S.K.: 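Starting off with a structure, shown below.
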Amino acid sequence: MKKRIRELIKDKPVDKTVSIAGWIRTRRDTGEFSFLEVNDGSCLANMQIIANEDLENYSREIKQLTTGCSVIIRGQLKESPAKGQEVEIHADEVIVVGLADPKTYPLQKKRHSFEFLRDLSHLRPRTNALGAVSRVRSRLSYGVHQFFQEKGFFQVHTPIITTSDCEGAGEMFQVTTPDQKGKGQHFFGQSAGLTVSGQLQAEVYALSLGDVYTFGPTFRAENSNTSRHLAEFWMIEPEMPFCDLRGNMQIAEDLLKYVLEDVVGNCIEDLNLFDKFIEKGLLSKLHGIVDKKFGHTTYTEAVEILLKAGKKFEFPVEWGTDLQSEHERYLTEVVFKCPLIVTDYPAAIKPFYMRMNDDGKTVAAMDILVPGIGEIVGGSQREERFDVLKSRMLEAQIDINEYDWYLDLRRYGTVPHSGFGLGFERLVQFVTGMKNIREVIPFPRTPGSAPC
Ligand code: ATP
Ligand code: MG
């Protein structure tokens, strides 16, 4: 039976017949045999294969193997006398499954730049770095589900096609069917778009089921060509009834710590690669975060800190304007030197559904900022008071009729409730140290680019 290399390295069942399947990374010939390095994607490590010249297809096939060819190997797992690996396979059989013409195969043994690899989104997961990112991403996703499921949250699948644009969190992509003249038509009888957030629908379920979360794709048609923005990204959005801003902050902090600890415990080999080649000190950063309480400041205090900093920012700091990424990073990297929760933003720069504070100027919002990235979480306590919500909607010139269902949640059995959105790719960036968000999603969609 075929085994994954990851299992063989872990269990080391030596002197047993084993079988693996994967892709050749390198081939090196000596006088009487060849060393094949095979990777099957299950882990960073390759399996070293010793293919002796006695093998029936040695000169005809094995000696033709090049980077990228696919093979199935059957042989004896042995302790390896050489440095660099603990076990190796002495092949009894090497089946060549698919060739990869070395004249055209774009992945060479040398390191390629991430920019170069972006044009190869169909092959780049075969490289060490992108393979490691993919495994870490998968584990983080598992960790998120595990965290919520263990706490008794229910997952809700909120719609991808939506008719409510959630505050205008970002520009919406329109969903239409072209008519014969190529003009857009309202398939749904009204204008519809790709969701920018599942929050409003998550609120519906939170006010029926209790604690819920969504974990799905969201879309923003913004023309932001930054290293932290995608047009399609995944978001985790818990929504908790009978929960205020404090409780919300606590869940967000617990979630981040939980998934970081889980990924360090389960992906250490991949994380070591990032620590070595992508962000020096990454692992001690991650450990430090798990062990320490997050910082906390209000928006008003944060503005004071920035004004006193005596640092020249590109964008001026002024009470009432949103914090720019340079301000966020200064606060978390230089001032607090740890993840930082900023609360109570001016109402005017936040959406209508955030709960108005008693000062009448700020809302019960919270963002979590992390070093190297800036905002990773955005959340709030929601306005549960019918009259306040309605007047906020009118002020924001929102069509009340369209959101009557949302107001119903306050008409019938309203409760204080809170939630937040954690950008999944920003989390993967934070954990891997990858500078550009395009490297942490399999098929990035950005303005002007949507490969595969
Ligand atoms: P930013 O100010 O960075 O554009 P935002 O305030 O628009 O973020 P929210 O609408 O609060 O973000 O979304 C919640 C979370 O989703 C953010 O904290 C971030 O982690 C993530 N996020 C938002 N926009 C994007 C994007 N275009 N690409 C990737 N992740 C995003
Ligand atoms: Mg945005």
Side-chain angles (χ1 to χ4, degrees), residues 137 140 144 158 162 164-173 193-200 202 213-239 245 248-249 252-253 255-256 259 294 299 302 315 321-329 331-332 339-343 345-346 348-354 363-382 418-432 434-450:
R137 187 180 161 110
L140 282 170
V144 166
T158 50
T162 177
S164 56
D165 86 343
C166 193
E167 69 182 279
E171 294 299 308
M172 260 222 260
F173 288 102
L194 296 180
T195 184
V196 295
S197 159
Q199 179 201 317
L200 301 189
Y213 70 105
T214 71
F215 189 167
T218 45
F219 307 84
R220 308 236 170 135
E222 313 164 310
N223 201 2
S224 359
N225 258 309
T226 78
S227 58
R228 299 170 303 112
H229 288 93
L230 291 162
E232 176 180 295
F233 64 99
W234 287 64
M235 194 153 42
I236 296 134
E237 295 179 279
E239 192 67 38
L245 191 68
N248 199 20
M249 286 157 61
E253 180 168 346
L255 167 65
L256 287 171
V259 295
F294 287 8
Y299 166 88
F315 294 91
T321 58
D322 210 356
L323 298 178
Q324 298 293 325
S325 156
E326 54 168 347
H327 308 138
E328 295 175 340
R329 291 192 52 180
L331 288 167
T332 165
L340 174 64
I341 313 184
V342 183
T343 57
Y345 285 73
I349 56 169
K350 290 291 184 186
F352 70 87
Y353 55 72
M354 294 194 178
V363 286
M366 65 126 186
D367 281 4
I368 301 187
L369 318 177
V370 293
I373 296 192
E375 181 186 331
I376 192 166
V377 165
S380 70
Q381 183 170 340
R382 321 303 188 191
S418 305
F420 60 86
L422 164 64
F424 188 55
E425 283 72 24
R426 297 220 185 143
L427 175 65
V428 184
Q429 263 191 291
F430 184 65
V431 168
T432 58
M434 296 305 281
K435 295 279 164 297
N436 198 304
I437 200 164
R438 293 167 173 86
E439 266 71 76
V440 299
I441 188 163
F443 301 99
R445 272 81 178 97
T446 52
S449 167

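As the structure lists them, so they are numbered: ligands from 1, and atoms in each ligand from 1. None of the values given here were measured: they were computed from a predicted structure.
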S.K.: Check the angle between the aromatic planes of Phe215 and Phe424 and answer parallel, tilted or perpendicular using the 30° and 60° thresholds.
M.R.: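 Perpendicular, since the angle between the ring planes exceeds 60°.
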S.K.: Within a distance under 4.0 Å of any heavy atom of Ile437, pick out the atoms of ligand 1 and give their elements.
M.R.: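 Matching atoms, with element in brackets: 29 (C).
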S.K.: For Arg228, counting its heavy atoms only, list the atoms of ligand 1 lying under 4.0 Å from any of them.
M.R.: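 Near Arg228, meaning under 4.0 Å from one of its heavy atoms, ligand 1 has 3 (O), 28 (N), 29 (C).
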S.K.: Name the option, out of Glu328, Arg220, Gln199, that contains the heavy atom nearest to atom 7 (O) of ligand 1.
M.R.: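 Closest candidate by heavy-atom distance is Arg220.
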S.K.: Kindly identify the option in Glu425, Gln324, Glu222, Glu375 whose heavy atom sits closest to atom 17 (C) of ligand 1.
M.R.: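 Ranked by closest heavy atom to atom 17 (C) of ligand 1, first place is Glu375.
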S.K.: With the side chain counted from C-beta on, respond yes when Asp367 and Tyr345 share a heavy-atom pair under 4.5 Å apart, and no when they do not.
M.R.: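 In contact.
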S.K.: Give the atoms of ligand 1, by number and element, whose distance to some non-hydrogen atom of Gly423 is under 4.0 Å.
M.R.: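 Matching atoms, with element in brackets: 15 (C), 16 (O), 20 (O), 21 (C).
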S.K.: Taking only heavy atoms of Met235 into account, list the atoms of ligand 1 that are under 4.0 Å away from them.
M.R.: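 So the answer, numbered in order with elements, is 13 (O), 14 (C), 15 (C), 16 (O).
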S.K.: Given Thr332, which partner from the list Val342, Leu369, Ile376 fulfils the side-chain contact (heavy atoms from CB on, under 4.5 Å) test?
M.R.: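 When Val342, Leu369, Ile376 are each tested with Thr332, the side-chain contact (heavy atoms from CB on, under 4.5 Å) holds only for Leu369.
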S.K.: Can you find a heavy atom in the side chain of Glu425 that is under 4.5 Å from one in the side chain of Trp234?
M.R.: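 Of all side-chain heavy-atom pairs linking Trp234 with Glu425, at least one is under 4.5 Å.
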S.K.: Using a 4.0 Å cutoff against the non-hydrogen atoms of Gly421, which atoms of ligand 1 qualify?
M.R.: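 Within the 4.0 Å cut-off of Gly421, ligand 1 contributes 14 (C), 15 (C).
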S.K.: Would you mind reporting whether Ile437 and Arg426 have side-chain heavy atoms less than 4.5 Å apart?
M.R.: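 When only atoms from C-beta onward are counted, Ile437 and Arg426 do touch, with a gap below 4.5 Å.
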S.K.: Find out whether Thr195 and Thr158 are in side-chain contact, i.e. whether some heavy atom of one side chain is under 4.5 Å from a heavy atom of the other.
M.R.: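 No, every pair of side-chain atoms sits at 4.5 Å or beyond.
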S.K.: Where does His229 meet ligand 1, judged by heavy-atom distances below 4.0 Å: at the side chain, the backbone, both, or neither?
M.R.: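 His229 to ligand 1: contacts from backbone and side chain alike.
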S.K.: Do Glu253 and Pro339 come close enough that some side-chain heavy atom pair is under 4.5 Å?
M.R.: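 Result no, sub-4.5 Å side-chain heavy-atom pair not found.
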S.K.: Tell me which one of Leu422, Val440, Leu230 gets a heavy atom nearest to atom 27 (N) of ligand 1.
M.R.: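 Answer by nearest heavy atom: Leu230.
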